[in-house]
Novice: 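A single structure is presented below for examination.
Here is the naming used below: chain letters follow the sequence lines, and residue numbers restart at 1 for every chain. All of these numbers come straight from a predicted model, not from anything done at the bench.
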Amino acid sequence: MVGYLRKKTYICSLDAIDTKHQKGNRIMEQMNEKQQEAVCHTKGPLLILAGAGSGKTRVLTHRTAYLIDKMGVNPYSIMAITFTNKAAGEMRQRIDEIVGFGSDSIWVSTFHSTCVRILRRHIDFLGFDTNFTIYDSDDQKTVMKDICKRLEIDTKIYKEKFFLSVISSAKDSLINPEEFTLNAQGDFQKQRQSRVYMEYQKVLKANNALDFDDLIVKTVELFMANKEVLDYYQERFQYIMVDEYQDTNTAQFQLIKLLAGKYKNLCVVGDDDQSIYKFRGANIYNILNFEKEFPSAKVIKLEQNYRSTQNILDAANGVIANNISRKDKALWTKNEVGEKVAFHQFDTAYDEADYVAGDIISKVRNAKYEYKNCAVLYRTNAQSRLFEERFIQSNIPYKIVGGVNFYSRKEVKDLLSYLKTIDNARDDLAVKRIINVPKRGIGATTLTRIADYASEKELTFYTALRSAEEIPGLGRSSSKIAPFVLFIQVMRTKLEFLSISQILEEIIEQTGYVAELEAEDTIEAKARIENIDELLTKVVSYEESAETPTLSGFLEEVALVADIDSLDESNDYVVLMTLHSAKGLEFPQVYLAGMEDGLFPSYMSIASDNPTEELEEERRLCYVGITRAKENLSISCARQRMIRGETQYNRVSRFVKEIPKELLEGEIRKEKELEIPETPVYQKAKSAFKAKPMALTQAQPKPFVSVNTGNKILDYAIGDTVKHVKFGTGIVKQIMEGGRDFEVTVEFETAGTKKMFASFAKLQKQ
DNA sequence: TTAAGTTAAGTTTTT
DNA sequence: CTTAACTTAA
């Protein structure tokens with residue numbers, strides 16, 4: 001099939017590996033013993049437990065080179081799977097550098113794109129059309145909403161999101177609707193869920209669509225159902241490597257197991273300490289039980305860290321040591337001790353953002369770092385806003401990774417829906433989305449009539465549109481539909497001789513999409529136009545990079561990108577992202593912000609049914625965060641923070657206290673800590689939310705009000721002058737009663753009006 | 001049918 | 001505080 005492989009008969013037998021004999025060997029240079037061992041173990045299952053920064057990507061790429069150059073393996077038979085396109089791209093690049101000839105026939109891609117590639121060829125076997133569309137979470141929600149309506153489920157009680165998560169976790173563990181139904185017997189709740197699941201799959205099938213989970217599930221189904229196809233791929237992929245193995249779910253594991261079933265040359269690389277996707281179905285037992293699943297498996301631990309300073313590594317080790325369920329390992333490094341870990345506690349989240357911005361500026365000014373050497377990491381996307389504001393003020397170039405995916409922005413999705421409809425009008429969702437964008441005077445009533453007609457005749461929505469005049473009850477609305485259908489049809493014929501970018505430009509032109517936004521003349525509209533321009537840029541670059549650019553090809557590529565993929569190291573900007581997105585990356589200077597109990601670890605994990613397990617996952621996330629830093633780590637938190645418009649008072653994250661004290665620069669103020677009552681503050685914040693304000697009028701004539709707060713007594717009332725340790729004197733304006741505490745609003749003479757918890761603020765009556 | 005206006009609900013983390 | 005969803009008037 002492929003005639004260009006370099007045949008070399010050099011055989012590296014497993015037990016004959018002696019590093020001394022490998023001297024002068026380019027592949028083996030700069031590798032420690034363990035790494036070399038991993039590179040040379042090419043036959044049979046291999047589990048590489050690679051600690052953070054232990055050079056696992058280097059091992060994988062060198063192993064690939066070794067397979068080709070030394071073992072004479074055809075590049076065509078090698079597959080490497082990662083989780084993100086970015087990781088795949090990086091690996092591809094590094095493999096290209098080291099392998100050189102023939103490297104482009106190696107499959108380096110994500111789980112999802114691997115599956116898409118397979119399904120595009122064979123999914124017709126499962127009754128889908130090979131030009132299926134991929135639904136993102138927005139689309140899923142739309143489908144689910146519709147289903148709930150039809151099944152008469154009150155979405156006030158049962159949220160769409162809930163059903164979607166039930167379905168998703170079922171799929172993650174390879175439970176199909178039929179099996180789910182069987183398991184649901186006798187359980188009323190589950191029976192309802194199974195009906196929804198059934199219906200959901202039916203709708204997707206009718207729309208010739210797959211969701212993200214389906215991509216994996218359907219591929220597994222295909223392999224199980226079609227021996228020939230499985231055989232073909234087993235024969236093709238004789239050497240399989242999986243990166244970030246700790247994040248695989250049951251379905252993905254099954255997929256790999258099937259693929260590697262024949263030759264069993266499966267090499268997986270992972271770190272159980274960096275497993276942070278349990279919420280997405282990642283099954284930690286895939287790594288913990290690898291040896292049980294593959295009894296002949298060889299296990300190699302990579303424990304030497306090449307990334308971080310000793311101090312940073314010790315801090316990380318100190319934290320992760322508190323996890324009970326983990327494989328034993330001890331990371332060490334030859335790197336220098338380095339700076340201590342900086343710790344700062346601020347009064348407010350604004351101060352925290354100020355500090356980070358200021359610190360970055362001074363480090364850049366002193367030529368210590370460039371912007372791109374710095375990263376700000378946080379637990380939740382919402383935290384990015386404060387930093388963004390400050391960075392704009394301070395003129396710091398930045399890039400925020402995550403949040404709303406570029407391709408799920410409204411304007412981008414609208415235009416993509418046009419492209420989808422032109423490409424393949426079987427996706428009802430896309431057609432419905434754009435039929436009245438821009439406004440064509442086609443409203444809800446018309447849509448329902450068409451949809452009813454379509455389902456009655458078993459047509460797709462678009463086919464129904466084409467024969468609109470036959471639909472009863474439409475009346476003059478059908479005349480409004482005709483131009484739309486005509487437009488789509490015309491564009492389809494133009495697809496023959498126009499490029500994708502020209503098609504997109506014509507859509508923008510004909511629909512007046514941008515013109516409409518220009519007329520709006522708001523900042524928001526301008527941002528949308530910019531996004532549309534960016535989309536055009538992406539189309540053009542796709543056309544330039546793809547061998548044979550097709551509209552379907554573009555849409556497919558677009559469906560599977562994550563925001564992290566757009567990160568470009570050549571640009572000099574500070575990167576802001578969640579801890580989850582940061583996995584796999586490294587920066588000389590890292591700011592870990594918002595290290596507060598209730599925020600990180602999140603309130604959800606502390607209050608969950610299984611706090612131990614969830615806290616361990618949060619701790620792993622913290623470990624990931626710390627180990628991103630190469631030279632400098634700065635940890636910060638705020639006493640007071642606005643969350644959902646409410647002021648919260650959080651104590652320093654428990655994870656900070658797990659870092660050995662001697663590694664920290666800057667103190668965790670102990671006195672403050674002791675004052676914090678037994679009841680965790682976030683609970684008070686929660687109960688205060690439901691609190692009712694004590695009416696101002698009620699408090700007069702101002703008697704001595706003493707209120708029991710559980711462990712404290714308020715000796716002041718509204719109108720009293722009080723003194724605060726930091727803010728000085730002020731007048732009590734309002735007292736809100738919470739479950740266990742009081743939220744007091746005080747107008748200070750100098751510090752302005754503040755809201756604070758009574759037991760926390762220690763106000764002194766004057 | 002649309003646009004504006006009001007109200008309710010929501011924040012972990014993502015391919 | 002923000003966004004989505006719902007209501008009402010034109």
Novice: Quick check on DNA chain B: between A:Gly443 and A:Ser602, whose nearest nucleotide comes earlier from the 5' end?
Specialist: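 Closer to the 5' end of DNA chain B: A:Gly443.
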Novice: Across the strands shown, which category fits A:Arg385 at heavy-atom distances under 4.0 angstrom: base, sugar-phosphate, nothing?
Specialist: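 Since only primed, P, OP1 and OP2 atoms lie under 4.0 Å of A:Arg385, the category is sugar-phosphate.
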Novice: When we call it a touch if two heavy atoms are under 4.0 Å apart, what does A:Thr446 touch: a base, just sugar-phosphate, or nothing?
Specialist: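 The answer is sugar-phosphate, as A:Thr446 gets under 4.0 Å only of primed atoms, P, OP1 or OP2.
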Novice: Which part of the nucleic acid, if any, lies within contact of A:Phe212, taking any heavy atom under 4.0 Å across all strands shown: a base, the sugar-phosphate backbone alone, or nothing?
Specialist: base
Novice: What is the minimum heavy-atom distance between A:Arg641 and A:Ala638, and which atoms define it?
Specialist: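 For A:Arg641 versus A:Ala638, the nearest heavy atoms are NH2-CB, 4.0 Å.
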Novice: How many Å lie between NZ on A:Lys145 and P on C:dA4, as a whole number?
Specialist: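 After rounding, the gap between these two atoms is 11 Å.
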Novice: By the 4.0 Å heavy-atom rule, please label A:Tyr277 as base, sugar-phosphate, or nothing.
Specialist: sugar-phosphate
Novice: If I take atom CZ in residue A:Phe600 and atom C1' in nucleotide B:dT13, what distance separates them, rounded to the nearest angstrom?
Specialist: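 Answer to the nearest Å: 10 Å.
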Novice: Within less than 4.0 Å of OP1 or OP2 of B:dT12, is there a side-chain N or O belonging to A:Thr578?
Specialist: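 Result: no.
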Novice: Any base atoms under 4.0 Å from A:Ser605, or only sugar-phosphate, or nothing? Heavy atoms, all strands.
Specialist: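 Counting heavy atoms under 4.0 Å across all strands, no contact is made by A:Ser605.
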Novice: Please tell me which of the listed nucleotides, B:dT15, C:dC1, B:dT12, lies nearest to the side chain of A:Arg379?
Specialist: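 When the side chain of A:Arg379 is considered, B:dT12 is the closest of B:dT15, C:dC1, B:dT12.
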Novice: Under 4.0 Å between any heavy atoms, over every strand shown, what does A:Lys480 touch: base, sugar-phosphate, or nothing? Just pick one.
Specialist: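 It contacts nothing in the nucleic acid.
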Novice: Could you check which nucleotide pairs with B:dA4 in any of the strands shown, counting Watson-Crick or G-U wobble with both distances under 3.5 Å?
Specialist: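 Across all strands, the one nucleotide that pairs with B:dA4 is C:dT7.
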Novice: Measure from NZ or CZ of A:Arg280 to the centre of the six-membered ring of A:Tyr277 and say whether it is under 6.0 Å with the direction within 45° of the ring axis.
Specialist: yes
Novice: What I'd like to find out is whether the side chain of A:Asp272 reaches to under 4.5 Å of the side chain of A:Ile284, using heavy atoms alone.
Specialist: yes
Novice: Find the distance A:Glu160:CD to C:dA4:P and express it as a whole number of Å.
Specialist: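 So the CD-P distance, A:Glu160 to C:dA4, works out to 13 Å.
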Novice: If you check every side-chain atom of A:Lys439, which of B:dT11, B:dT12, B:dT2 has the closest atom?
Specialist: B:dT2
Novice: Rounded to the nearest Å, what distance is computed from the CG atom of residue A:Asp214 to the C1' atom of nucleotide B:dT15?
Specialist: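 Value for this atom pair: 13 Å.
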Novice: If you assign A:Leu560 and A:Gly441 each to the DNA chain B nucleotide with the nearest heavy atom, which residue ends up on the more 5' nucleotide?
Specialist: A:Gly441
Novice: Counting distance only, does the side-chain N/O of A:Ser417 pair as donor-acceptor with the main-chain N or O of A:Lys413 below 3.5 Å?
Specialist: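 Present.
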Novice: Need one value for A:Asn436: base, sugar-phosphate or nothing, where a base atom within 4.0 Å counts as base even if backbone is also close, heavy atoms only.
Specialist: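 Since only primed, P, OP1 and OP2 atoms lie under 4.0 Å of A:Asn436, the category is sugar-phosphate.
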Novice: Taking the six-membered ring of A:Phe391, is the NZ or CZ of A:Lys399 close enough (under 6.0 Å from the centre) and on axis enough (within 45°)?
Specialist: no
Novice: Which is it for A:Arg619 and A:Glu658 under the salt bridge (charged side-chain N to carboxylate O under 4.0 Å, His left out) test, yes or no, and what are the steps along the way?
Specialist: CA-CA 10 Å; A:Arg619 188 173 285 111; A:Glu658 290 169 2; 2.8 Å; yes
Novice: Using a 4.0 Å heavy-atom cut-off, does A:Lys161 contact any base of the nucleic acid, only the sugar-phosphate backbone, or nothing at all?
Specialist: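 A:Lys161: backbone/sugar contact only, no base atoms under 4.0 Å.
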Novice: Report which part of the nucleic acid A:Glu617 touches: base, sugar-phosphate, or nothing (heavy-atom distance under 4.0 Å, all strands).
Specialist: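 Nothing: the residue A:Glu617, judged by heavy atoms under 4.0 Å, touches no strand.
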Novice: Stacking between A:Phe279 and B:dT13, defined as ring centres under 5.5 angstrom apart with planes under 30°, is that present or not?
Specialist: yes
Novice: I need the NZ-P distance between A:Lys410 and C:dT3, as an integer number of Å.
Specialist: 14 Å
Novice: Starting at NZ of A:Lys159 and ending at C1' of C:dA4, how long is that distance when rounded to a whole Å?
Specialist: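 In whole Å, C:dA4 C1' and A:Lys159 NZ are 12 Å from each other.
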Novice: Tell me whether the OP1 or OP2 atom of B:dT1 has a side-chain N or O from A:Thr445 closer than 4.0 Å.
Specialist: yes
Novice: Does the side chain of A:Gln252 pick up a donor-acceptor pair with the side chain of A:Gln254 at under 3.5 Å?
Specialist: no
Novice: Please give, in whole Å, the distance from B:dT15 P to A:Ile167 CD1?
Specialist: 21 Å
Novice: How far does the P atom of C:dC6 sit from the matching atom of B:dT11, given to the nearest Å?
Specialist: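 Rounded to whole Å, the distance is 16 Å.
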Novice: Using a heavy-atom cut-off of under 4.0 Å over every strand shown, decide if A:Asn85 touches base, sugar-phosphate, or nothing.
Specialist: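 Touches nothing.
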Novice: Would you mind classifying the nucleic acid contact of A:Lys141 as base, sugar-phosphate or nothing, using non-hydrogen atoms under 4.0 angstrom?
Specialist: sugar-phosphate
Novice: Taking CD1 from A:Ile442 and P from B:dT1, how many angstroms apart are they, rounded to a whole number?
Specialist: 10 Å
Novice: Under 4.0 Å between a side-chain N/O of A:Asn381 and OP1 or OP2 of B:dT13, yes or no?
Specialist: yes
